[in-house]
Amino acid sequence: MFRPIDSDASFPSLEERILALWEKDNAFRESVSRRPAEKSFVFNDGPPFATGLPHYGHLLAGTIKDIVPRYWTMKGFRVERRFGWDCHGLPIENIIQDQLGLNTVRDIQNHGVGNFNEACRAGVLKYTQEWRRTVSRMGRWVDFDNEYKTMDLSFMESVWWVFKQCFDKGLIYQGYRIQPYSPALATSLSNFEVNQGYRMRQDPSITVSFPLEGSDEVLLVWTTTPWTLPSNLAIAIKEDLEYTLVSHQEKKYWIAESRRLSYFGENDPVLDKVMGKALLGRRYKPLFEYAPYMSERQYTLLAADFVSDSDGTGAVHIAPSFGEEDFQLGMKESLGLFDPLDAEGKFTHLVPEWTSVGAKDADKSIIHHLKSQNRIFKHETFEHSYPHCWRTDVPLLYRAQKNWFLALDKELTAVPEPVEGPAVTKTLKQWMIDSNQQIRWVPEHIRDGRFGKWLDGARDWNLSRNRFWGTCIPVWIAEDGDMICVGSREELEALSGIHVEDLHKHIVDEIVLKTSDKKTFNAKGKSYKRTPEVLDCWFESGSMPYAQNHYPFENREVFEASFPADFIAEGLDQTRGWFYTLTVLSAALFQKPAMKNVIVNGIILAEDGQKMSKRLRNYPDPNELINRVGADAVRLFMIDSAAVKGEELKFSEVGVKNIVRAVLLPLWNSLSLFTTYANADASKGQLTWKPGQDLVSQNELDRWILSDLQSLLSRVKVEMEAYRLYNVVPALVEFVDDLTNWYIRRSRRRFWKSENDQDKNGAYATLYRILVDFSKVLAPFLPFLSEEIYQILVREPVSATTVSVHHCDYPVFDPALFDETLNAKMALARQAVNLGRTLRAERNIKNRQPLKQLIVVVRGEEQRKWMVSFEDLIRDELNVKSVEVTLDESSFVKYKAKANFKTLGSRLGKNMKPVADKIAQLGHDDIQAILEGRPLDLGEVTLTAEDLQVVREVSPDLAVTATPELTVALDTVVDEALRLEMLARETISRIQNLRKEAGLAVTDTVSVLLKGSTPLLRQALEAHLTYISAEVLASSVRFDESGEGAVFCDMDVEGEQARIYVVA
RNA sequence: GGGUCUGUAGCUCAGUUGGUUAGAGCAUCGCUCUGAUAAGGCGGGGGUCGGAGGUUCAAGUCCUCCCAGGCCCA
């Protein structure tokens, strides 16, 4: 009837089988297409770089990206899942540069940009097959065949459209920003590259004197970059810092007072002291005269807050082209820029003395020159950490570079969502901030914390990269600076007459636009050449919602119905990455958020709390681990952790194995129990119930487990709809525990009993239903094991038309099966059993020793009825002859009381403490009186029952224990009849062990021989012979001093001995 | 340096609007049970709740400062 289960489960090989089955059934595609197209749940997948192999971080995000879509699919939604690849940018360019031995930008140009780009195109998808294998092996259902790539023509064309939208709204401008620049590579570097290159180096530290005009005074200025001095345009001082005029060797020097003694002696006379404010605006004599005259304020003293007196002189040399603070001040004061360096960081003819000398290389010679002019006051060397080019090891320059920016302070007008209303005008940044408020973040604090704060402080986005392999900035510029932004291939063709099938740099840079009228595209006017930069590849991933659909060139309805997305999930590091760029672009284009729900996962650390490191080998290889313990276990381990709410996870293989032990094995064994007994009973014709047949059992255990399942269903629904995955797994684990350690354990005999009765059918029907429904609940989390259960229980025996558990509807809460009272009853019964076990353990009375009586004291009439209905269960579970349920506990406990601070605290205030002490002193009778409804006046307050927390004190002489809900007393006297029964049970246990040892099946019949029994043991066995025979399936139990059997053991229980043989 | 998150048992983590024995799982030790289970049950040991102040009748929980770690940004 059911496929026999191998109880030695190998989950990895089971998973491989399921993968093949899914492949054969085309199960993933089916799961999508069988749901209605008009009822969609939109998931957007962030594109990874395929330049490396997937690691645990990807597996975690991938699991989240699988569970949520699977859940909503089972809830009846169509959830398309397209994989995507990030193809452009530095990661692949660097790899190709290494492969081709190209160090510098010039090398690449000499090699040919076309050749270089084609090499990138050919190499970027190198690891996609490995990705596909690992992602699929993890059980993730995602569409690889229909994947999007950021280098696709359609994708790139949509990116152009996005850019042009921004351009037309006036968001795009060209401007300068200080960037780290590698003179050897002739390019600016990303932060990531800069961070790789910090090393200690020695630099000059010089103090230069600047004579102030109209006086015989000089100002001392400290700098560590002499090469920037030819570009000096101003000097910054601090308004509220005190400056001192010192006389030294017949000259007068201005210096910050707090720095005076670092430069001058105590005895050098102080001539004057003023606040910086008094010096502002004074002109000084420049060191060099290379810079053109650009501003009134050139070569004057300016105020700046960034000036500090922690080192130097309290006066800072300003070269706006060569430093972030210099640049900011230069902008504010309109100083202009003066950059006399060429692309390779060498001085141009603008600085004749050092033309063709590299900037840093010129330091020495510049110092020498200044010394000869008598302008160096002090010359030292100092050592500091400084960024170097990660490829060439040359020190980097901080240098103003012309870039393309997206302005965040530009105003946009739109009708805000979600409320309908009049159009409003806000800056782009404000639209971003407001749309962030509409996003549900998990964990919640990201919204106003990390992400919200980042938005508040966001600066204009630098969109351009002076690189090669990327989407080109689609702006063509004429000689006179006039610009044309091109938003499609069609436009490009109209403007140039050239039709292209590729939008990469080496193609479109060849295209020159000629027109005098941008509207008519009259080809007789100026000629426009494309600006050379490519786009930041984050612009492309941020354009993904539009570009994956080739919007607006195709799929207009598809896009409009699927924006904003319902759900995305990525790691915490994407706050500044994808989350941000999605938000910027959707606010720029549509003044909306790009997504409604986001799960942010934390980073995964190795078990030792350190970063996972290939070098340290402090973590197991993902593929190897999956093949050893299975993907289901790895998935559940990761989801059952704070990593699904942005916190870090220490990955431990022990943790994964715990999941196997706590969830997978018990579940598998439940299945095994069910199929084994169902098959056995079916073949004996003792089972009238058939799989698929609905049968409502009136048995209380059955009704309880079904009701318990309903609780689980409502709990899972609440958590899944709030995207709190981390709360789901604990609920699942609890249910597994309820199912295996209570329902099945308590129901065991019902399957085992050989009579064919209604109750047995009810038990099978119930367990079947539980296993089938629970497998559906588990399906998003454990896609493999749940599928196997479904195949065995439903598809194979019932030949269901629904071939996969993942095609089923997710089980919904059924109020008809939910019985809150029953759940409370069962909880109370379990508590009584637990207390009974505690008493046995305390008194060291083993469970096989039957006892006479258990007294259960409950706190109310309703509870008494509940408990009475469970008398049989408790008797059996605790091995007692009778259970008495009563409301009177006076003979077992004495009352003590503690104050209920919750009710008394607000009433009493400062009197709380003394009253609490008085309450602790109350005697048994007082408390009983209050409990019986007679309030006690303490003076400060009148106590009623609700003001007390009753504590039950138990005499150590009695086998009694108590909780607020129950008091339980155990009669521990063992008389001879009880002792005989214990011996019988001990014997049964020995025989069962021998059966196992002999490798017998549960249904095999045996005969039992006993040799050398002591008289009491013999008496015990004879008294309970029928019972023993039934328990161990013995056709005969004989006392035979001569016989022998295949397996035997010697038994000795408290001096009662025998040798037991079991014969098959 | 700034922002943010985290800090509770040996380990991994819960801990409601502040309310009085601070919990669970794992690990460990002892006992126990077992014909579905590689398991299960009961108990013991193990805590300056990162530290210091403050608010309050009452703080793991609220406030301030500090310390340590992670991430992001400088």
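Reminder, nothing fancy here: chain letters follow the sequence lines and each chain counts from 1. From a predicted model like this one, the values you see are computed outputs, not experimental measurements. Just so you know, these numbers use all the heavy atoms, side chains as well, and skip hydrogens, waters and symmetry mates.
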For A:Leu649 and for A:Ser670, find the nucleotide of RNA chain B with the closest heavy atom, then tell me which residue's nucleotide is more 5'.
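Mapping each residue to its closest nucleotide by heavy atoms, the 5'-most match is A:Leu649.
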A:Lys913 vs A:Thr740, nearer the 5' end of RNA chain B by closest nucleotide:
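Of the two residues, A:Thr740 wins.
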For the side chain of [X], starting at C-beta, report the closest nucleotide among [options].
| X | options | answer |
| --- | --- | --- |
| A:Leu673 | B:A36, B:A14, B:A38 | B:A36 |
| A:Asn847 | B:U32, B:A38, B:U37 | B:U32 |
| A:Phe901 | B:C42, B:A14, B:U20 | B:U20 |
| A:Glu647 | B:U21, B:U6, B:C72 | B:U6 |
| A:Arg661 | B:A36, B:U6, B:A38 | B:A38 |
| A:Asn844 | B:U37, B:C31, B:U20 | B:C31 |
| A:Lys453 | B:C71, B:U4, B:A36 | B:U4 |
| A:Lys650 | B:G43, B:U12, B:G41 | B:U12 |

For B:C13, does OP1 or OP2 lie under 4.0 Å from any side-chain N or O of A:Lys645?
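Indeed not, no polar side-chain atom of A:Lys645 lies that close.
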Using a cut-off of less than 4.0 Å, is there contact between a side-chain N or O of A:Lys846 and OP1 or OP2 of B:U32?
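The answer is no; no side-chain N or O of A:Lys846 sits under 4.0 Å from OP1 or OP2.
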Tell me: [atom1] of [X] to [atom2] of [N], nearest whole Å?
| X | N | atom1 | atom2 | answer |
| --- | --- | --- | --- | --- |
| A:Asp681 | B:A36 | CG | C1' | 14 Å |
| A:Ile639 | B:C13 | CD1 | C1' | 16 Å |
| A:Glu648 | B:C5 | CD | P | 14 Å |
| A:Asn834 | B:G43 | CG | P | 7 Å |
| A:Trp454 | B:C73 | CH2 | C1' | 6 Å |
| A:Leu739 | B:G40 | CG | P | 15 Å |
| A:Leu878 | B:G40 | CG | P | 20 Å |
| A:Asn727 | B:A14 | CG | P | 10 Å |

With rounding to the closest Å, how many angstrom separate the [atom1] atoms on [N] and [M]?
| N | M | atom1 | result |
| --- | --- | --- | --- |
| B:A59 | B:A24 | C1' | 23 Å |
| B:U56 | B:G19 | C1' | 12 Å |
| B:C31 | B:G69 | C1' | 41 Å |
| B:U61 | B:U17 | P | 14 Å |
| B:C63 | B:G44 | C1' | 40 Å |
| B:G60 | B:U20 | P | 10 Å |
| B:C26 | B:G46 | C1' | 14 Å |
| B:G50 | B:G70 | C1' | 15 Å |

Would a line drawn from the ring center of A:Phe651 to the ring center of A:Phe637 be shorter than 6.0 Å?
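For A:Phe651 and A:Phe637, the ring centres are under 6.0 Å apart.
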So what does [X] touch, heavy atoms closer than 4.0 Å: a base, only the sugar-phosphate, or nothing?
| X | result |
| --- | --- |
| A:Leu1033 | nothing |
| A:Thr575 | nothing |
| A:Phe674 | nothing |

Answer with yes or no whether the side chains of A:Arg837 and A:Asn834 bring together a donor and an acceptor at under 3.5 Å.
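Present: a donor and an acceptor within the cut-off.
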Report the base-pairing partner of [N] (Watson-Crick or G-U wobble, both distances below 3.5 angstrom), or none.
| N | result |
| --- | --- |
| B:G30 | B:C42 |
| B:C62 | B:G54 |
| B:U4 | B:G70 |

Give the ring-plane orientation class for A:Tyr580 versus A:Trp454, where under 30° counts as parallel, over 60° as perpendicular and anything between as tilted.
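Perpendicular.
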Please work out whether the ring planes of A:Trp668 and A:Phe11 are parallel, tilted or perpendicular, with thresholds of 30° and 60°.
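Perpendicular: the ring planes of A:Trp668 and A:Phe11 meet at over 60°.
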Would you call A:Glu877-A:Arg745 a salt bridge at under 4.0 Å N-O?
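Looking at A:Arg745 together with A:Glu877, the answer is yes, because their closest N to O distance falls below 4.0 Å.
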Check whether the side chain of A:Arg450 and the base of B:C71 form a donor-acceptor pair under 3.5 Å.
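Yes.
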Polar pair under 3.5 Å, donor/acceptor by atom type, side chain A:Lys902, base B:U17
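Looking at the base of B:U17, it does pair with a donor or acceptor on the side chain of A:Lys902 (distance under 3.5 Å).
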Near A:Gln328 CD, under 6.0 Å, is it more than 12 heavy atoms from other residues, nucleotides or ligands?
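For A:Gln328, atom CD is crowded (more than 12 foreign heavy atoms under 6.0 Å).
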Would a distance-only check, ignoring hydrogens and angles, find a side-chain to backbone donor-acceptor pair under 3.5 Å from A:Glu570 to A:Ala61?
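The answer is no, because no donor-acceptor pair under 3.5 Å joins these two groups.
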Ignoring hydrogens and geometry, is there a side-chain-to-backbone donor-acceptor pair from A:Asp947 to A:Thr944 under 3.5 Å?
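A pair under 3.5 Å: yes.
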